[in-house]
Amino acid sequence: QVQLVESGGGLVQAGGSLRLSCTASRRTFSTLVMGWFRQVPGKEREFVADTNWTGGTTTYADSVKGRFTISRDNAKNTMYLQMNSLKPEDTAVYYCNAGVKLGAGIPGPSWGQGTQVTVSA
């Protein structure tokens, strides 16, 4: 498995932006399909976005399409989630995941510890 560490969460007003980062421990990061998921208390963890090895193919949940952008820098073993036009319903703990089934929203075996994103109205 690969160790994943997220950062960049915080409190932001509706309409604002945040950028999340996920850094992986493994040198073979560039071979991994990576993704972001989120979870609110009492609900199942849900898919947000994923990206293939190069970043050239991406998938988004309908709820974030047009507002969020997933990207990666393989030289830095890091994946990003740029979140714009944030809404209160985006409030959740955001998790990065390695080994995602691309385009299917099915997570792989490796998770980060999560980072809290709170959007105030």
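Along the sequence shown, residues are numbered consecutively beginning with 1.
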L86 vs Q13, side chain to side chain contact (heavy atoms under 4.5 Å, CB included): CA-CA, chis, key distance, verdict: CA-CA 8 Å; L86 282 161; Q13 288 188 334; over 6 Å; no

Just checking [X]: does its [atom1] atom have more than 12 heavy atoms from other residues, nucleotides or ligands closer to it than 6.0 angstrom?
X: K65; atom1: NZ; value: yes
X: W111; atom1: CH2; value: yes
X: E89; atom1: CD; value: yes

Taking all non-hydrogen atoms of both residues, which atom of [X] and which atom of [Y] are closest, and how far apart?
X: G112; Y: Y95; value: O-CD2, 3.6 Å
X: A92; Y: V40; value: CB-CG1, 3.7 Å
X: P88; Y: A14; value: CD-CB, 4.1 Å
X: T115; Y: G9; value: OG1-N, 3.2 Å

Going from [atom1] on [X] to [atom2] on [Y], what distance comes out if it is rounded to the nearest 0.5 angstrom?
X: F37; Y: I106; atom1: CZ; atom2: CD1; result: 8.5 Å
X: L4; Y: F29; atom1: CG; atom2: CZ; result: 8.5 Å
X: Q82; Y: L18; atom1: CD; atom2: CG; result: 8.5 Å
X: L102; Y: T59; atom1: CG; atom2: OG1; result: 5.0 Å
X: E46; Y: R38; atom1: CD; atom2: CZ; result: 4.5 Å
X: T91; Y: Q116; atom1: OG1; atom2: CD; result: 7.0 Å

Tell me whether [X] contacts the main-chain N or O of [Y] through its side chain, where contact means a donor paired with an acceptor under 3.5 Å.
X: R72; Y: G55; result: no
X: W53; Y: T31; result: yes
X: N97; Y: S110; result: yes
X: N77; Y: S25; result: no
X: E6; Y: C96; result: yes

Can V12 and M83 be said to form a side chain to side chain contact (heavy atoms under 4.5 Å, CB included), step by step? CA-CA 11 Å; V12 64; M83 304 186 295; over 6 Å; no

Hey, quick one: are [X] and [Y] part of the same hydrophobic cluster, counting side-chain heavy atoms closer than 4.5 Å, chains of contacts allowed?
X: V64; Y: V117; value: yes
X: M34; Y: L81; value: yes
X: Y80; Y: F47; value: no
X: L20; Y: M79; value: yes

Considering residues at least two apart in sequence or located in another chain, which fulfil the side chain to side chain contact (heavy atoms under 4.5 Å, CB included) criterion with T54?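 Expected list: N52.
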
Can you confirm whether the side chains of T23 and T78 place a donor and an acceptor under 3.5 Å from each other?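 A pair is found: one side chain offers a donor N or O, the other an acceptor, under 3.5 Å apart.
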
Could you walk me through whether K101 and V33 pass side chain to side chain contact (heavy atoms under 4.5 Å, CB included), step by step? CA-CA 7 Å; K101 186 172 182 180; V33 178; over 6 Å; no

Carefully, step by step, assess K87 and V119 under the rule side chain to side chain contact (heavy atoms under 4.5 Å, CB included). CA-CA 6 Å; K87 304 175 181 180; V119 184; 5.5 Å; no

Plane angle bin for F68 and Y94 - parallel if under 30°, tilted between 30 and 60°, otherwise perpendicular: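 Y94 and F68: tilted rings.
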
